[in-house]
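Residue numbers run from 1 in the order of the sequence given.
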Amino acid sequence: MNIGRLFAAGLILGGAVAAVPSASSAQSFDLYIGPDGPQLRDRRYDDDDYRDRGCSERQAIRRAYRLGMRDPDIRSITRREVAVDGVGRRGRLTTVYFANRPGCPRIG
């Protein structure tokens, strides 16, 4: 057999293997080691997934404190935003709005 043909066959085989999509199923599993021993959990069906939660009342109040607000209190929580009332830096009643998603980014 000719070396050129062997090389061409190797290139064709390598291209075919590279073109086949591979499923990376290992990324959806987590290994937890607890009192019951090691457990393998599927992240796709985990009810306690932190990414699905929005901005909690506690997080919004903590963020308002960090912005310099005194005595912050939750005014309203909607699907999109969390409104926090409090006394601002200059002594005026102020309302701060946070997006109702993880991390509580400020939107107003």
Side-chain angles (χ1 to χ4, degrees):
M1 187 169 201
N2 192 350
I3 291 192
R5 286 186 179 184
L6 186 61
F7 182 69
L11 284 177
I12 291 172
L13 181 63
V17 169
V20 174
S22 64
S24 59
S25 61
Q27 291 188 6
S28 64
F29 290 103
D30 285 333
L31 178 66
Y32 291 95
I33 300 175
D36 298 334
Q39 298 175 354
L40 191 63
R41 294 186 186 170
D42 189 0
R43 256 193 285 158
R44 293 176 294 174
Y45 303 110
D46 193 5
D47 293 333
D48 295 331
D49 197 3
Y50 68 92
R51 289 173 283 161
D52 292 338
R53 291 187 231 146
C55 180
S56 70
E57 293 180 22
R58 186 176 182 178
Q59 287 174 325
I61 288 175
R62 192 177 308 136
R63 292 272 312 200
Y65 269 123
R66 286 188 199 140
L67 291 173
M69 194 176 273
R70 291 185 313 242
D71 195 28
D73 192 28
I74 300 293
R75 184 173 100 187
S76 66
I77 298 177
T78 63
R79 185 173 66 88
R80 293 181 177 222
E81 67 185 18
V82 179
V84 179
D85 284 339
V87 179
R89 293 184 179 181
R90 299 187 178 164
R92 297 182 187 161
L93 183 63
T94 308
T95 303
V96 178
Y97 297 93
F98 299 105
N100 196 356
R101 59 183 190 154
C104 297
R106 184 176 177 186
I107 56 175

Exercise. Is the backbone N or O of C55 less than 3.5 Å from a side-chain atom of N100, with the two atoms forming a donor-acceptor pair by type?
Worked result: yes
Problem set entry | Residue pair R80 / Y97, side-chain donor-acceptor N/O under 3.5 Å | no
Exercise. Can you check whether P105's main-chain N or O pairs, donor with acceptor, with R63's side chain at less than 3.5 Å?
Worked result: no
Exercise. Honestly curious: do I74 and V87 fall in one hydrophobic cluster under the side-chain, below-4.5 Å linking rule?
Worked result: no
For this session: Treating Ile, Leu, Val, Met, Phe, Trp and Tyr as nodes and any side-chain heavy-atom pair under 4.5 angstrom as an edge, say whether V96 and Y65 lie in one connected cluster.
Result: yes
For this session: Could you grab the distance from atom CZ of R70 to atom OG1 of T94, nearest 0.5 Å is fine?
Result: 9.5 Å
Exercise. Rounded to the nearest 0.5 Å, what separation is found between the CD1 atom of I61 and the CE atom of M69?
Worked result: 10.5 Å
Exercise. To the nearest 0.5 Å, how far apart are CG in L93 and CG in D85?
Worked result: 5.5 Å
